[in-house]
Asks: 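Quick one: structure below, then a few questions.
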Amino acid sequence: MVDDNGAPAAPPARLEELRALVDDALRGDCAATAVWYADKLATLSRGAVEDELRLARAYAAGGDPARAARLLEARLGAGPGAPPRPLVAQFRRGDRSSTAAPELRARLLAARCLARCGRHRECCETLEPALRDVAAADDGALPRAGGGPPAAAAAPAGVDLAAAACACVGAAYEALENRPRSVAWLVRALRLDAGCAEALDFVVDRRLLSADEEAWLRDETAAALEGSDRAWVAAVYGARLGCRDADPAGDAARFEALERVHGLGDNQEVLRARAERCYTAHDYRGAYEVARRVRERDPYDFGCAPVYLASLVELGAKHELFSTAHELAKAYPQKACSWFAVGCYYLLVKKNDQAQRHFHKACKLAPRFAPAWIGFGNAFAAQDESEQAMAAYRTASRLFQGSHVPLAYIGMEYLRTNNLPLAKHFLRGAKKLCASDPLVANELGVVEMRQGLLDDACRTFQEVLRLLERLPERAPLRRACAASVFNLAQCYRKRRRFEDAARAFGVALSLEPGDAAARGALGVALHALGGAHVHRAVECYHVALAMRPDDTFCSEMLSRALRDVASVDFDDAALLAEHRLAAARIDDDDDAAMA
């Protein structure tokens, strides 16, 4: 039996036996065996497409993606210098590995191998010709322009290859630092198949979307999955995409549904989402407790490690942070997160030179690991090295383009150096990405106060007050609002609205009862009101001095208040005006004492 070239042809039974052997070797993670037999199979079958695909999969499984990509490029007529092909098979919604054309499966595998080799531009060039119809049907904008067809619910029969191809292109464009195209392709992937977890993980982990865009995407995927047997997928998506939700009251219901309705409350990914939400809401103790549960189950879960380490820094847990960093560096010295942990420890113990060294090592091991760049910037900022700090923050902002944190740090650094216009620019950018973070609003309000824009500052601080009114009574985020409420009261005082100032200082004290500065400032506002309020002002000065005996300003104001109580008729309008002027002489730097 010979083929068309006169060479002996392999019996069909032998080819089927070899195919079964290669498939079994790949399933059993025996990559070297799979490569050996797949190489013979490709030769005996005279380059059949399916058998060359098996050989490429074996190369990729054996850690040789470049060889796999070269083999598939030759089959597809792609690669450097190849002429463009006028007709290319197109991916369609619903394509599965069992039904899609071999050329499409070969393109997807070749693109993944090219991405593993760092050849991201070629990865895009390999897949985009086969995705022209997908791109023409959906521009990938958020929110969807004009409504458009709904996203497709995830089908249990298999993975949608068109969605997988879009996710692969999106990841490649992100590596090329082209965020708009990356987001468009990842959104297309989730619209083709709402169950494309690869696309969702990439969107969330790389912080490609703003808080509003994440909410739009969450609502869109939830609508696509509503009423299907994959409602639990929508619930998990809601947890992952709700970390920066402006309505924290919905957190409990969201995670309770995952636990009681879907039985996923103890899932690693759900716990990680809960820890991230707690950290974003400034509940560092809660984030630590949840992240510790993940760590006890899997000490080397690097997805949850940054939240766990950051929580330890916020809580000042030096000993636990030291042991964790030591364990990670010993087990995974090639991982950036291990040296990020070491840098966090040195930052906590204020050895900033050592912290810079280890954060820099983490950045060299994984240049796209944004938490290490933020830590690097913090270590420089702790030593007043503003230029180096802002360079690190800018790199983090470029990597996490949907995250408000790097922009907020840049704005705070400009504020520290008194560059108010640039501070305002970056803080506005951070607020646009996440309007629900009270610390960003507070810093922006402080900038406006320093610029003398008291009306603008009042409006900014009032946004935090409105957020505070929506929060549950025991929400940890309430304490993060205290600085903004204090500064709002100072704005009222500077505008001679002493009654409003006194009320706002009272709210600040309800959030931070042990704050001596707020107690003394309340005394000043009451003193300026005059009349019977002066007696309450005396009490406030006494309490403030008990908390902070070296406060010379409160001591001076207490002396004045006692003289007024003893000998002054507070109906005297001239003297009342004098007291109001005295209250206004607080140094402007004290106005932002809580900033």
Side-chain angles (χ1 to χ4, degrees), residues 174 179 203-215 240-246 248 272-273 275-284 287 291 303-314 336-337 340 343-344 347 355 359 362-363 366-382 386 388-416 422-444 446-447 464 467 476-477 480-481 483-484 595:
E174 194 278 336
R179 177 184 176 271
V203 164
V204 175
D205 292 342
R206 297 303 176 94
R207 286 286 183 266
L208 293 177
L209 303 180
S210 67
D212 289 340
E213 289 171 334
E214 284 187 353
R240 294 294 307 278
L241 291 168
C243 288
R244 294 179 290 172
D245 198 336
R272 174 185 169 191
E276 289 177 352
R277 177 55 183 163
C278 289
Y279 190 86
T280 304
H282 303 275
D283 181 7
Y284 304 122
C304 194
V307 179
Y308 176 67
L309 297 168
S311 301
L312 290 176
V313 173
E314 294 291 346
C337 193
F340 171 71
C344 286
L347 186 65
F359 283 134
C363 294
R368 307 192 70 77
F369 185 48
W373 286 104
I374 292 175
F376 201 20
N378 288 348
F380 280 119
S386 294
Q388 295 92 329
M390 284 191 283
Y393 293 145
R394 288 191 187 99
T395 302
S397 177
R398 192 177 72 247
L399 298 179
F400 270 20
Q401 294 190 29
S403 174
H404 68 290
V405 176
L407 292 179
Y409 274 123
I410 294 173
M412 290 163 66
E413 194 62 23
Y414 275 125
L415 176 58
R416 189 180 66 81
L422 282 177
K424 189 172 185 178
H425 170 76
F426 283 101
L427 288 168
R428 279 181 170 174
K431 190 169 180 286
K432 184 177 180 180
L433 290 175
C434 183
S436 61
D437 191 339
L439 296 187
V440 174
N442 180 66
E443 296 295 330
L444 180 57
V446 170
V447 171
V464 181
L467 170 65
L477 189 58
C481 299
S484 295

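Source: prediction; values computed, not measured.
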Asks: Drop me the distance from S210's OG to H404's NE2, to the nearest 0.5 angstrom.
Replies: 11.5 Å
Asks: Return the CD to CZ distance between Q388 and F376, rounded to the nearest 0.5 Å.
Replies: 8.5 Å
Asks: Report yes or no: does R240 contribute a side-chain atom to a donor-acceptor pair with the main-chain N or O of V204 at less than 3.5 Å?
Replies: no
Asks: I'd like to know whether OH of Y409 has more than 12 heavy-atom contacts from other residues, nucleotides or ligands below 6.0 angstrom.
Replies: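 No, because the 6.0 Å sphere around OH of Y409 holds 12 heavy atoms or fewer from other groups.
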Asks: Grab the two heavy atoms, one from Y393 and one from I374, that are nearest each other, plus how far apart they are.
Replies: CE2-O, 3.6 Å
Asks: Does the pair F340 and C363 meet the rule for a side chain to side chain contact (heavy atoms under 4.5 Å, CB included), with working shown?
Replies: CA-CA 9 Å; F340 171 71; C363 294; over 6 Å; no
Asks: Let's go through R207 and E214 carefully: what are the C-alpha distance in whole Å and the side-chain angles of both, what is the deciding distance for side chain to side chain contact (heavy atoms under 4.5 Å, CB included) to 0.1 Å, and is it a yes or a no?
Replies: CA-CA 9 Å; R207 286 286 183 266; E214 284 187 353; 4.1 Å; yes
Asks: If you look at every heavy atom in L407 and L433, which pair is closest and at what distance?
Replies: CD1-CD1, 3.7 Å
Asks: About how many Å separate OG of S484 and CG of L439, when rounded to the nearest 0.5 Å?
Replies: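 Interatomic distance, L439 CG to S484 OG, rounded to 0.5 Å: 7.0 Å.
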Asks: Considering non-hydrogen atoms only, spot the tightest contact between V464 and A441 and give its length.
Replies: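 That closest heavy-atom pairing would be CG2-CB, 3.4 Å.
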Asks: Nearest 0.5 Å please: distance from the SG atom of C344 over to the CG atom of L312.
Replies: 8.5 Å
Asks: Count the heavy atoms belonging to other residues, nucleotides or ligands that lie under 6.0 Å from CZ of R416, then report whether that count exceeds 12.
Replies: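 It does: R416 CZ has more than 12 such atoms within range.
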Asks: Kindly compute the distance separating CG (L309) from SG (C304), expressed to the nearest 0.5 Å.
Replies: 9.5 Å
Asks: Under a 4.5 Å cut-off applied to non-hydrogen side-chain atoms, are L467 and P438 in contact?
Replies: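 With C-beta onward as the side chain, the pair touches.
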Asks: According to side-chain contact (heavy atoms from CB on, under 4.5 Å), who are the partners of A382, at least two apart in sequence or on a separate chain?
Replies: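 In terms of side-chain contact (heavy atoms from CB on, under 4.5 Å), with neighbours along the sequence ignored, A382 is linked to N352.
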Asks: Go through the steps for R398 and R394 under the test side chain to side chain contact (heavy atoms under 4.5 Å, CB included), then give the verdict.
Replies: CA-CA 6 Å; R398 192 177 72 247; R394 288 191 187 99; over 6 Å; no
Asks: Quick one: do Y279 and E314 satisfy side chain to side chain contact (heavy atoms under 4.5 Å, CB included)? Show the steps, please.
Replies: CA-CA 10 Å; Y279 190 86; E314 294 291 346; 3.7 Å; yes
Asks: Quick one: closest heavy-atom pair of F400 and P371, and the distance?
Replies: CZ-CD, 4.3 Å
Asks: Without swapping roles, check the side chain of W373 against the backbone of A391 for a donor-acceptor pair under 3.5 Å.
Replies: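 Looks like no, no N/O pair under 3.5 Å.
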Asks: Could you report the tightest heavy-atom contact between A275 and A287, atom names first, then the distance?
Replies: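 Scanning both residues completely, I find the closest heavy atoms to be O-CB, 3.5 Å.
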Asks: Atom CZ in F426, atom CD in E413: separation rounded to 0.5 Å?
Replies: 12.0 Å
Asks: Evaluate the ring planes of Y284 and H282, with Trp represented by its six-membered ring, and classify them as parallel (under 30°), tilted (30 to 60°) or perpendicular (over 60°).
Replies: perpendicular
Asks: Grab the two heavy atoms, one from C243 and one from R277, that are nearest each other, plus how far apart they are.
Replies: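 Taking C243 first and R277 second, the nearest heavy atoms are O-NH1, 2.6 Å.
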Asks: Donor-acceptor pair, R179 side chain versus L208 backbone, under 3.5 Å?
Replies: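 Judged by distance alone, yes, a pair lies under 3.5 Å.
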